[in-house]
2 protein chains.
Amino acid sequence: MKLSCPMPKLEFDIITLGHGSGGTLTNQLLTSGVFSVLSNEYLDEKHDGAILSMHGKMAFSSDSFVIAPIFFPGGNIGELAVNGTVNDLAMCGAIPQYLSLSFIIEEGLAVADFWEILIGIKSACAQAGVMVVTGDTKVVEKGKGDKIFINTAGVGMLHQNANISFRNIKPGDKIILSNQIATHGISIMSVREGLTFETDIVSDSVNLNHTVKKLLDAFGEKIHLLKDPTRGGVATVLNEIARDANVGIDINDQHIPVNEQVLGACELLGLDPLYVANEGVFMAFVDASIADEVVKMLQQDENGTFAACVGEVTSVHPKQVILNSRIGGKRVINMLVGEQLPRIC
Amino acid sequence: MKLSCPMPKLEFDIITLGHGSGGTLTNQLLTSGVFSVLSNEYLDEKHDGAILSMHGKMAFSSDSFVIAPIFFPGGNIGELAVNGTVNDLAMCGAIPQYLSLSFIIEEGLAVADFWEILIGIKSACAQAGVMVVTGDTKVVEKGKGDKIFINTAGVGMLHQNANISFRNIKPGDKIILSNQIATHGISIMSVREGLTFETDIVSDSVNLNHTVKKLLDAFGEKIHLLKDPTRGGVATVLNEIARDANVGIDINDQHIPVNEQVLGACELLGLDPLYVANEGVFMAFVDASIADEVVKMLQQDENGTFAACVGEVTSVHPKQVILNSRIGGKRVINMLVGEQLPRIC
């Protein structure tokens with residue numbers, strides 16, 4: 001879903017330091033821009049924070065987004081910032097409800113770009129079913145930022161059936177990937193300065209909360225852990241889980257879903273797709289008894305077409321992640337060392 | 001209260017792009033730095049978000065901090081980031097409880113500086129009685145940020161007696177300033193590149209939540225509105241309130257508490273203290289019947305030594321803020337136009 005809203009007539013074409021002053025210009029920008037686009041009963045209170053009613057166990061998460069470029073195939077930094085925090089909440093087993101939205105803008109950003117990002121935020125919020133209820137706008141001098149950085153924090157009540165923790169993982173658990181990996185990272189690389197190559201790969205940035213809710217509705221506590229492999233990719237996240245839960249992890253190369261074009265781009269760039277960032281994929285560690293059903297349910301979901309069971313938890317080699325290759329070889333998969341793709345989210 | 005913790009031995013002296021990769025270096029930085037300094041049961045779960053129990057009305061707020069310089073007389077960006085969000089929650093009438101903490105670091109930041117900021121965060125959290133429960137670390141290239149930006153979001157349950165809203169303001173309400181104004185802005189100006197001047201003015205950055213709680217314990221719903229005049233200063237915030245509540249505001253120049261040295265610096269720099277940013281001051285709009293008692297209670301609090309009743313709400317000139325001078329003159333006080341002191345918080 002893409003919304004389209006005409007941009008209001010403003011007296012300025014670019015964001016200046018004055019828009020971060022807290023004074024008249026900040027008020028103009030907020031009133032004619034942010035508040036008009038994102039209006040809701042909480043935000044319209046315009047207080048230092050929003051007052052929400054919460055009863056029970058709640059998840060609370062925050063992420064800053066510094067992606068470059070801010071517009072990329074399949075989305076922009078605004079959508080990404082909403083989906084990123086929505087998905088972090090979903091990975092906790094929560095129903096995302098309310099977001100905060102904080103901008104750090106480099107002076108000189110075109111108001112038209114800011115507007116497009118705001119519309120991206122509005123669209124992503126509508127799709128995920130969340131509201132921006134509070135926020136902040138800062139402006140820094142030219143050369144002290146990079147167009148725009150966005151922080152979102154979010155809260156949401158836990159799903160009543162959810163019990164998500166690395167402590168629940170046990171040997172025999174199956175590991176399911178919800179969709180094809182490495183798409184987001186490769187889509188960003190394809191438009192990075194100096195690296196442009198022909199592709200129609202678009203970012204998989206999407207909200208996963210409705211998909212996760214379906215799984216929790218159906219399988220509850222048998223879903224042991226959910227994790228979205230963003231920065232550092234599948235390999236890094238699996239290593240963190242193996243370390244924290246003190247278990248071994250076996251994965252099968254041939255079962256890992258990757259788009260052919262993405263795989264081709266990875267080969268071209270010398271990247272291992274297991275280390276490339278994802279935005280619309282999650283891993284579920286589930287009780288073996290429900291693994292097939294989970295995969296089937298995911299495959300019927302628009303965000304899980306290529307879902308597959310890719311491995312399982314073992315007690316044999318604690319804290320290690322082992323990749324079994326197509327031809328029977330085994331190799332240890334370590335956490336990402338150094339920086340593969342800076343500013344991918 | 002200032003904590004002192006020995007810095008752990010790390011294999012690196014400066015933060016590099018790899019520390020934002022999500023991989024091994026990020027894990028090293030978090031494990032030996034952030035998690036060890038800020039450890040608590042929620043943060044130690046290391047999930048994508050924290051799970052909290054909340055029952056009732058809750059406040060939710062977020063601010064990004066881009067102050068330059070990051071170390072200044074009386075504090076650093078870490079303490080400021082904690083106090084800023086703690087105070088925003090307090091201004092909502094809430095008891096601040098849990099914070100998120102998100103860093104955007106420019107590569108090249110000295111680990112020793114990062115450590116000092118972390119210790120500032122830990123000290124400020126201890127003083128306010130809050131915990132960092134979730135967070136995020138991003139690193140951007142040299143020249144695409146400015147040392148470090150910090151976002152904090154926070155949540156806390158509303159005080160049971162609180163009913164804070166601009167809708168509660170009515171003509172006759174008294175306006176109380178909790179302490180001397182313009183101290184933060186002037187302390188930052190005194191160390192800005194090119195502006196250095198001799199002074200021992202230090203920032204008033206402090207947590208106001210305990211002070212606010214005392215007022216709410218004693219006076220409950222008779223406290224109609226609380227606001228901390230940060231960016232844009234007292235003048236801008238009064239104008240926002242007059243506009244949103246559709247009331248007039250009269251303030252008396254001679255009652256506004258300002259330190260002599262701050263006033264001297266303002267004159268030197270050609271600044272009006274009413275527009276200079278504060279970090280440890282709030283304004284209370286209260287029922288006239290309790291105004292004297294509120295001032296007395298504040299004056300006995302360490303954060304309210306110079307508290308004073310500075311004006312009142314009127315129906316006579318809606319949406320206008322009028323300053324009555326010592327010699328009987330009146331002038332309209334408008335919102336800050338343009339940018340007076342960029343990156344003051």
Side-chain angles (χ1 to χ4, degrees), chain A residues 17-18 20-25 27 45-64 66 88-89 91-92 94 98 100 102 104 133-136 138 140-141 143-146 149 151 153 155 158 165 227 230-232 236 244 335-340 342-343, chain B residues 17-18 20-25 27 45-64 66 88-89 91-92 94 98 100 102 104 133-136 138 140-141 143-146 149 151 153 155 158 165 227 230-232 236 244 335-340 342-343:
Chain A
L17 280 176
S21 66
T24 313
L25 284 170
N27 269 277
E45 275 291 310
K46 294 179 193 170
H47 201 12
D48 289 335
I51 309 298
L52 312 167
S53 276
M54 299 305 241
H55 295 272
K57 285 198 171 173
M58 180 192 92
F60 175 37
S61 186
S62 170
D63 260 344
S64 287
V66 298
D88 279 352
L89 292 170
M91 294 305 116
C92 294
Y98 305 108
S100 68
S102 298
I104 298 175
V133 295
T134 188
D136 179 45
K138 295 289 194 307
V140 297
E141 306 90 333
K144 301 293 185 182
D146 194 10
F149 302 144
N151 178 281
V155 295
L158 277 204
S165 169
K227 269 279 193 187
T230 53
R231 277 182 298 171
T236 300
D244 294 342
M335 210 174 261
L336 174 64
V337 178
E339 176 66 276
Q340 194 185 57
R343 299 181 60 192
Chain B
L17 280 176
S21 67
T24 312
L25 285 171
N27 269 276
E45 275 289 310
K46 295 177 191 170
H47 201 15
D48 290 335
I51 309 299
L52 312 167
S53 275
M54 300 305 245
H55 295 271
K57 283 197 173 175
M58 180 190 93
F60 175 35
S61 185
S62 170
D63 260 344
S64 288
V66 298
D88 278 352
L89 292 170
M91 295 305 116
C92 294
Y98 305 109
S100 67
S102 298
I104 299 175
V133 295
T134 188
D136 180 45
K138 295 289 193 310
V140 297
E141 306 90 332
K144 300 294 186 183
D146 194 11
F149 301 144
N151 178 281
V155 295
L158 277 204
S165 169
K227 269 280 192 185
T230 53
R231 278 181 297 171
T236 300
D244 293 343
M335 210 174 262
L336 174 65
V337 178
E339 177 65 274
Q340 193 185 55
R343 298 182 60 193

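Below, read A as the first sequence line, B as the second, and so on, with proteins coming before strands; counting in each chain starts at 1.
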Undergrad: Could you tell me which portion of B/Val133 (side chain, backbone, both or neither) has an atom closer than 4.5 angstrom to a non-hydrogen atom of chain A?
TA: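 The side chain, not the backbone.
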Undergrad: Got a donor-acceptor contact below 3.5 angstrom from the A/Lys138 side chain to the B/Ser64 backbone?
TA: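 A pair under 3.5 Å: yes.
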Undergrad: Taking A/Asp48, A/Ile51, A/Asp88, A/Thr134 one by one, which has the highest count of heavy-atom pairs under 4.5 Å against chain B?
TA: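 When all of A/Asp48, A/Ile51, A/Asp88, A/Thr134 are compared, A/Asp48 has the most.
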Undergrad: About how many Å separate OH of A/Tyr98 and CZ of B/Phe60, when rounded to the nearest 0.5 Å?
TA: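 Answer for the CZ-OH pair, B/Phe60 versus A/Tyr98, is 11.0 Å.
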Undergrad: Using 0.5 Å steps for rounding, measure from the CG atom of A/Asn27 to the CE atom of B/Met335.
TA: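 Between A/Asn27 CG and B/Met335 CE, I get 4.0 Å after rounding to 0.5 Å.
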Undergrad: Side chain from CB out, backbone as N, CA, C, O: work out which of these in B/Leu52 comes under 4.5 Å of a heavy atom of chain A, or both, or neither.
TA: both
Undergrad: Pick whichever of B/Leu158, B/Asn151, B/Thr236, B/Thr230 has the most heavy-atom pairs under 4.5 Å with chain A.
TA: B/Asn151
Undergrad: Under 30°, 30 to 60°, or over 60°: which ring-plane class applies to B/His55 and A/His55, parallel, tilted or perpendicular?
TA: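 B/His55 and A/His55: perpendicular rings.
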Undergrad: Out of B/Gly49, B/Gly18, B/Gly135, B/Ala50, which one racks up the most heavy-atom pairs below 4.5 Å with chain A?
TA: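 Option with the greatest count: B/Ala50.
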Undergrad: Using heavy-atom distances under 4.5 Å, tell me whether B/Ser21 contacts chain A through its side chain, its backbone, both, or neither.
TA: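 Interface part for B/Ser21: both.
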Undergrad: Between A/Met91 and B/His47, what is the shortest heavy-atom contact and its length?
TA: O-NE2, 3.0 Å
Undergrad: For A/Lys57, does the NZ atom sit with more than 12 other heavy atoms under 6.0 Å from it, leaving out its own atoms?
TA: no
Undergrad: Among B/Leu89, B/Asp63, B/Leu25, who wins on heavy-atom pairs under 4.5 Å with chain A?
TA: B/Asp63
Undergrad: Dump the intermediate steps for side-chain contact (heavy atoms from CB on, under 4.5 Å) on B/Asp136 and A/Arg231, then the final yes or no.
TA: CA-CA 11 Å; B/Asp136 180 45; A/Arg231 277 182 298 171; 3.0 Å; yes
Undergrad: For the side chain of A/Ser53 and the backbone of B/Gly56, is there at least one donor-acceptor N/O pair under 3.5 Å apart?
TA: no
Undergrad: Between B/Val155 and A/Val155, does the side-chain contact (heavy atoms from CB on, under 4.5 Å) criterion hold? Intermediate values first, please.
TA: CA-CA 9 Å; B/Val155 295; A/Val155 295; 4.1 Å; yes
Undergrad: Who among B/Ser100, B/Gly232, B/Ser165 has the most heavy-atom pairs with chain A under 4.5 Å?
TA: B/Ser100
Undergrad: Roughly how far, to the nearest 0.5 Å, is CE of A/Met58 from CE of B/Met58?
TA: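 Answer rounded to 0.5 Å: 4.5 Å.
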